[in-house]
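Have a look at the structure below before the remarks.
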Amino acid sequence: MRVRFAPSPTGYLHIGGVRTALFNWLFARHYGGQFILRLEDTDEKRFVQGAADDIAASMRWVGIDWDEGPDIGGPHAPYVQSERKELGIYQRYADQLLASGHAYKCFVTPEQDEAMRAAWAASGARPERYRFRGPERDWTPAQTAEAEASGQPFTIRLRVPMDGATSFSDLVRGGDQITINNGDLYDLVLLKTSGMPTYHLAHLVDDHLMGVTHVIRGEEWVPSAPYHIMLYNALGWELPVFAHVPNILRQDGKGKLSKRKDDVSTNRFWERGYLPEAMFNYLALQGWSFDDKTEIMSRDEIVERFTIERVQASPARWNPDKLKDMNGIYIRSLPAADVADLLMPYMMKAGMVADPPRPEDYSYLTRLTPLVHERLEELQQAPEMLSFFFQDVEGYEPKLLIQKQMDAGRTIDMLRAAHATLNTVQVWETGELEGQLRALAESLGVKVGQLFGSIRVAVTGRSVAPPLFDTLAALGRERSLARIAAAAAALE
RNA sequence: GCCCCCAUAGUCUAGCGGCCUAGGACGUCACCCUUUCAAGGUGAAGAUCGCGGGUUCGAAUCCCGCUGGGGGUACCA
């Protein structure tokens, strides 16, 4: 079994695209087939420099590799359509279709096409739809030859039957047939004036030549599938199995995910600190499921369990909360040392750690990581959560410092008492600090929450922070005492 | 407009004729744990299985219609 993912290098790869690539990849890996990456750069106008590399990087990041592709070659190289066009591959089949009468040369210019469309729409005939049929369909060979001799540019169009219907079955829909009336179709352009094939001709020729057995693609291709069926038949080729997977809809359900309107670039998630394993797991679940309970699965487990038959036909909605939750689960499942390594780039970027980091930066971050490890949902949250370890607290909020049922005076006294106690602590470590401060709270006759709360704000500048005694231990005696003193002074 | 696809809680889903008084997860809320926040634990609210007809002894599951949503309607993919 051979499948492919064939992106168009017109921009970055968004998660919907990755999901389609993933389903293809899972299919290939599950059945021990091959997964091909092919670049469909037949759109000369929308081509974006660097997009191809970006797309490949996004795929590699989530853990999708390919057996044949532009960068690694393969038995059917090249894997870039613009290069294949130079080899005359598409022209050859266009000529074959011309010879067999399945296609014809059309001299209608885009402008004329537009005018015809407008005229059609203006006619009282109330057309349901503008269905282009070139006048050249009925031309004699002599007429065509004459037009061509005059040097007029032309496209090669598929001669679509005026009546009848075209059906094909779809694996995602349980093998049910989808039928479309030929009368709703039009004479599709196969080869553009420039000599570049359209997607329709190019992908099909390549799929056949590359031995693709299963076409797994987004459902936006369903309406054009009949053209593809006609083309396979016209060329005398065996049909592949079709599986049109549902799109991922925008969060509000209004339309499919779009690069322009949604912040869904795969790279963005990479930047924000999503683990590729989490993204892989989440995306696999967008339209596919294993059973009624299992959600967290390793790559291997998903590969083992994935089948197209279990892919849903209805579209899923983009749910960042769910992804975030899953990312937290994956982060927590990692050893703290690994998390520390993953966090370092974020600390550097936030300017909290020297670039490049010094040995002591590594050891300090390793020391701090356990304090935030299980609180992280995105790695990028770490610098903010740990910022007070790297910069002093400025401007204490009396409101935060003064706990429930306390006032400024009592808080000052309490902080000074804490300062005195901590000043004499022999062993500056978590357990000892906790023991001493608990005893202090008792002797002061305040609730531990009141004491700890004030100290937390004094030391971190905020009411929500990592566990207090771990924080004090990691912050060190000197800085801890200085901040407590500063907080008390701020309340004067 | 026309064509195609889809339809279980706010969201992702399990279900493929009786096991469903519809299961799991995210989100929401409550409680427990607890120095805050998380994590973890327990529990709750939330779906007349979009609506209406059939078929059947029996339907979330099959059929039809309607409605709603999505996709397509390019010399873009």
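Protein chains get the first letters and strands the later ones, always in sequence-line order, with residue 1 at the start of each. Everything numeric in this text was worked out from a predicted model, so none of it was measured.
- Annotation: the span from A:Ile15 atom CD1 to A:Leu22 atom CG amounts to 12.0 Å, rounded to 0.5 Å.
- Residue contacts for A:Gly253: at a heavy-atom cut-off of 4.0 Å it reaches the sugar-phosphate backbone alone, with no base atom in range.
- As judged by a 4.0 angstrom heavy-atom cut-off over every strand, A:Pro466 is placed among the base-contacting residues.
- Pair check for B:rU61 finds none; no Watson-Crick or G-U wobble contact set falls under 3.5 Å.
- When the C1' atom is compared between B:rC62 and B:rG18, the two are found 15 Å apart, to the nearest whole Å.
- Using a 4.0 Å heavy-atom distance criterion, A:Thr193 is classed as a base contact.
- Using a 4.0 Å heavy-atom criterion, one finds that A:Arg217 contacts no nucleic acid atom at all.
- Which of B:rG71, B:rC75, B:rC6 sits closest to the side chain of A:Ser314 comes down to B:rC6.
- No engagement by A:Thr294 is indicated, since no non-hydrogen atom pair under 4.0 Å with the nucleic acid exists.
- A:Val108 comes within 4.0 angstrom of a nucleotide base, judged by non-hydrogen atoms across all strands.
- Here B:rG70 is the nucleotide among B:rG70, B:rA14, B:rU34 with the atom lying nearest to any side-chain atom of A:Lys254.
- Nucleic acid contact for A:Leu468: base, since at least one base atom lies under 4.0 Å from a heavy atom of the residue.
- Using a 4.0 Å heavy-atom distance criterion, A:Ala313 is classed as a sugar-phosphate-only contact.
- Closest to the side chain of A:Arg332, from the set B:rU34, B:rA77, B:rG40, is B:rG40.
- A close approach under 4.0 Å does occur between a side-chain nitrogen or oxygen of A:Arg117 and OP1 or OP2 of B:rA74.
- The side-chain heavy atoms of A:Val18 and A:Phe269, taken from C-beta on, include no pair separated by under 4.5 Å.
- Residue A:Gly218 is classed as having no contact, given no heavy-atom separation below 4.0 Å to the nucleic acid.
- For the pair A:Met326 CE and B:rG24 C1', the interatomic distance rounds to 12 Å; values are reported in whole Å.
- Taking every side-chain heavy atom of A:Asn319 into account, B:rU11 is the closest of B:rA14, B:rC75, B:rU11.
- Across all strands, A:Pro467 comes closer than 4.0 Å to base atoms (heavy-atom distances).
- With P as the reference atom, B:rA9 and B:rG15 are 16 Å apart, rounded to whole Å.
- Contact check, A:Lys256 against B:rG72: a side-chain N or O comes under 4.0 Å of OP1 or OP2.
- Residue A:Gln312 is in sugar-phosphate contact alone, with no base atom involved, counting any heavy-atom pair closer than 4.0 Å across all strands shown.
- Applying the side-chain contact (heavy atoms from CB on, under 4.5 Å) test between A:Leu257 and each of A:Asn247, A:Val264, A:Leu249 identifies A:Val264 as the sole match.
- For B:rC76, one of the phosphate oxygens OP1 or OP2 lies less than 4.0 angstrom from a side-chain nitrogen or oxygen of A:Lys45.
- Residue A:Glu295 places its side chain closer to B:rC12 than to any other of B:rG71, B:rA14, B:rC12.
- In terms of phosphate contacts, A:Arg462 brings no side-chain nitrogen or oxygen within less than 4.0 Å of OP1 or OP2 of B:rU36.
- Within the 4.5 Å cutoff, the side chain of A:Tyr79 has heavy atoms near those of the A:Met210 side chain.
- Within the 4.0 angstrom heavy-atom criterion, only backbone atoms of the sugar-phosphate kind lie near A:Asp113; the bases stay farther away.
- As judged by a 4.0 angstrom heavy-atom cut-off over every strand, A:Lys293 is placed among residues touching the sugar-phosphate backbone only.
- For A:Asp321, counting side-chain heavy atoms from C-beta on, the closest listed nucleotide (B:rC4, B:rU13, B:rC26) is B:rC26.
- Between B:rC75 and A:Arg46, no contact under 4.0 Å exists linking OP1 or OP2 to a side-chain N or O.
- Closest to the side chain of A:Arg375, out of B:rG15, B:rA77, B:rU36, is B:rU36.
- Checked for salt-bridge contact, A:Asp207 and A:Arg38 meet the test: a charged N lies under 4.0 Å from a carboxylate O.
- Using modelled atom types, one finds no donor on one side chain facing an acceptor on the other under 3.5 Å when comparing A:Asp43 with A:Tyr199.
- Straight-line distance between the P atoms of B:rA59 and B:rU67: roughly 26 Å, to the nearest whole Å.
- Distance from the side chain of A:Tyr186 is smallest for B:rA74 among the nucleotides B:rA74, B:rA77, B:rG71.
- Checked options A:Lys105, A:Arg137, A:Arg157, A:Arg159; the residue passing with A:Asp187 is A:Arg137 (criterion: salt bridge (charged side-chain N to carboxylate O under 4.0 Å, His left out)).
- Under 4.0 angstrom from either OP1 or OP2 of B:rA77 there lies at least one side-chain N or O belonging to A:Thr42.
- The separation of B:rG53 from B:rA60, taken at their P atoms, amounts to 14 Å, rounded to a whole angstrom.
- A salt bridge is absent between A:Glu44 and A:Lys85: the closest approach of a Lys/Arg side-chain nitrogen to an acidic carboxylate oxygen does not fall below 4.0 angstrom.
- Of the candidate nucleotides B:rC6, B:rC12, B:rA77, B:rC12 has the atom lying nearest to any side-chain atom of A:Gln286.
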